[in-house]
Amino acid sequence: MHRSAKRLASLLTCAAVPVLLVAGCSGSDGKSSGDSTPSGSSSAASSPSPTVAAAKFKKLPNPCEAFSKGTIDKLLPKVKDAAGSQGKSTDTTTRGACSWSSSDDQGVDGTQFRWLDVAFQRYDSDPTIGSGEKRATDFYTQQVNDAKATQGAKKVAAVPTADTGDAATAISYDVSKEDNDFKNTTIVARTANIVVTVNYNGAGMAGADTPNGNDLLKAAQAAAKEAVTAATKANQG
């Protein structure tokens with residue numbers, strides 16, 4: 001058969017093969033079209049999926065049970081409700097909060113007001129965002145900065161708080177509200193992938209003396225340690 005006739009017969013035979021087999025037919029250059037590999041497919045297949053370390057803690061404590069009865073009695077001498085007022089949360093394994101208040105009426109010497117609240121925030125690890133610990137660290141930094149930037153705050157001071165999780169900062173400041181001078185302390189602590197924020201403030205009303213800021217600071221630091229311990233215990237067993 002003439003060479004051109006043979007070539008035509010070969011092409012007609014290839015065209016008759018089902019589509020799934022066409023890749024095996026020879027082209028005009030004598031090379032198989034099935035030998036071709038899409039550019040970059042090997043490197044894409046070999047690229048590992050991003051991974052992050054698993055979050056250490058999976059649970060949060062009941063925020064209204066973060067402090068012992070003794071702590072509540074000490075920080076809030078005439079507490080209105082020792083059980084506390086629990087904040088609303090759509091996911092109690094991720095966030096939770098509770099608050100208490102106290103008004104100690106001292107007659108002609110006025111009234112000592114106290115407020116205490118605690119908030120827990122837990123972060124899971126996410127390959128697209130980062131580890132739970134990194135996310136908690138970022139939130140910890142944000143909470144500290146927010147406390148320092150409290151509107152109307154005066155005499156702002158920040159000091160580290162030892163033996164309270166992996167990191168803890170105490171921010172103290174003064175605020176005037178409705179002709180009352182409040183002494184405020186915010187403790188922000190991080191333990192692994194959980195951030196604990198404790199706010200404790202007080203004021204002397206109706207002629208009562210303004211509370212001692214250092215006393216409130218020490219009390220808040222002790223409460224923060226207790227709350228961090230509660231977070232750890234919630235994940236034991």
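From a predicted model like this one, the values you see are computed outputs, not experimental measurements.
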When rounded to the nearest 0.5 angstrom, what distance separates CH2 in W100 from OG1 in T71? 10.0 Å
How many angstroms lie between atom CG of N212 and atom NZ of K218, to the nearest 0.5 angstrom? 8.5 Å
CZ-OG1 distance between R122 and T93, expressed to the nearest 0.5 angstrom: 5.0 Å
With a 4.5 Å limit on heavy-atom distance, are the side chains of T232 and T191 in contact? yes
Can you confirm whether the side chains of S68 and E226 place a donor and an acceptor under 3.5 Å from each other? yes
Residues which pass ring-ring contact (aromatic ring centres under 6.0 Å, His included) with F139, listed by chain and number, not counting sequence neighbours: Y123
To the nearest 0.5 Å, tell me how far K80 NZ sits from R114 CZ. 14.0 Å
CG on L116 to CG on L75, rounded to 0.5 Å: 5.5 Å
Do D181 and S176 pair up side chain to side chain, a donor and an acceptor below 3.5 Å, judged on atom types alone? yes
Could you tell me if the side chain of W115 sits less than 4.5 Å from the side chain of F182, heavy atoms only? no
Pair D91 + R95, salt bridge at N-O below 4.0 Å: no
Give, for atom CG of N201 and atom OG of S172, the distance between the pair rounded to the nearest 0.5 Å. 12.5 Å
Distance-only side-chain donor-acceptor flag, T169 / Y140, under 3.5 Å: yes
